[in-house]
Amino acid sequence: MTDRYSNSRHQAEHAFSNVQTQFFAKNNATEELEAVAQARDAKTLRLREARLARELSDRRSATYNPIAKPARKR
C-alpha cells in the first residue's frame, strides 16, 4: 500500500513540476518580450529626437544661408 501512495505521489509531483515549469517559462517569455519592447521604444524615441534635431538644424541653416539662385541669361 505504501508503494502505491509513493507512486501516486511521484506522478502528482511530476505533473506539478511540468505545470510549474510551463508557468515559469511563460513568465520568462513575457519578461523577454517586455524587455524587447522597452528597448525598441527607447531606440525609437532616440531616433525621433535625432531626426527632429536634424530637421530643425536644416531649417535654421536654410533660413540663414539661402541657396543662391542661378543668374538668369539675358
Side-chain angles (χ1 to χ4, degrees):
M1 190 118 169
T2 307
D3 193 35
R4 211 179 258 204
Y5 174 77
S6 177
N7 190 20
S8 297
R9 172 103 185 206
H10 177 70
Q11 289 175 350
E13 287 189 11
H14 182 67
F16 178 73
S17 175
N18 287 341
V19 170
Q20 194 174 22
T21 302
Q22 291 171 358
F23 175 75
F24 286 127
K26 254 186 231 180
N27 283 345
N28 289 341
T30 303
E31 289 172 0
E32 288 176 15
L33 289 175
E34 289 175 359
V36 168
Q38 287 178 350
R40 182 186 61 234
D41 292 343
K43 184 176 181 180
T44 300
L45 181 63
R46 182 177 53 81
L47 291 173
R48 180 180 294 130
E49 289 174 350
R51 178 181 50 83
L52 292 175
R54 186 182 69 239
E55 288 175 355
L56 180 62
S57 173
D58 290 347
R59 265 191 249 124
R60 284 183 179 165
S61 67
T63 56
Y64 294 126
N65 300 324
I67 299 172
K69 294 181 181 178
R72 295 172 63 180
K73 292 185 180 181
R74 293 183 186 202

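Computed over heavy atoms, backbone and side chain alike; hydrogens, waters and symmetry mates excluded.
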Engineer: With sequence neighbours excluded, tell me which residues meet side chain to side chain contact (heavy atoms under 4.5 Å, CB included) with E31.
Structural biologist: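 For E31, the residues satisfying side chain to side chain contact (heavy atoms under 4.5 Å, CB included) (neighbours in sequence not counted) are N28.
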Engineer: What residues form a side chain to side chain contact (heavy atoms under 4.5 Å, CB included) with K26, not counting sequence neighbours?
Structural biologist: none
Engineer: Could I get the full list of salt bridge (charged side-chain N to carboxylate O under 4.0 Å, His left out) partners for E55, not counting sequence neighbours?
Structural biologist: R51
Engineer: Could you tabulate the donor-acceptor pairs under 3.5 Å formed by side-chain atoms of residues 39-50, not counting sequence neighbours?
Structural biologist:
unit_1	atom_1	unit_2	atom_2	d
T44	OG1	R40	O	2.8

Engineer: Who passes side-chain hydrogen bond (donor to acceptor under 3.5 Å, both in side chains) against E13, sequence neighbours left out?
Structural biologist: R9
Engineer: Restricting to side chain to side chain contact (heavy atoms under 4.5 Å, CB included), what partner residues turn up for T21, sequence neighbours left out?
Structural biologist: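 S17.
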Engineer: Going by the rule side chain to side chain contact (heavy atoms under 4.5 Å, CB included), which residues pair with L56 if we only count those two or more places apart in sequence or in a different chain?
Structural biologist: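 If we apply the side chain to side chain contact (heavy atoms under 4.5 Å, CB included) test to L56, skipping adjacent residues, the hits are R59, R60.
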Engineer: Hey, does the side chain of S61 reach the backbone of S57 with a donor-acceptor pair shorter than 3.5 angstrom?
Structural biologist: yes
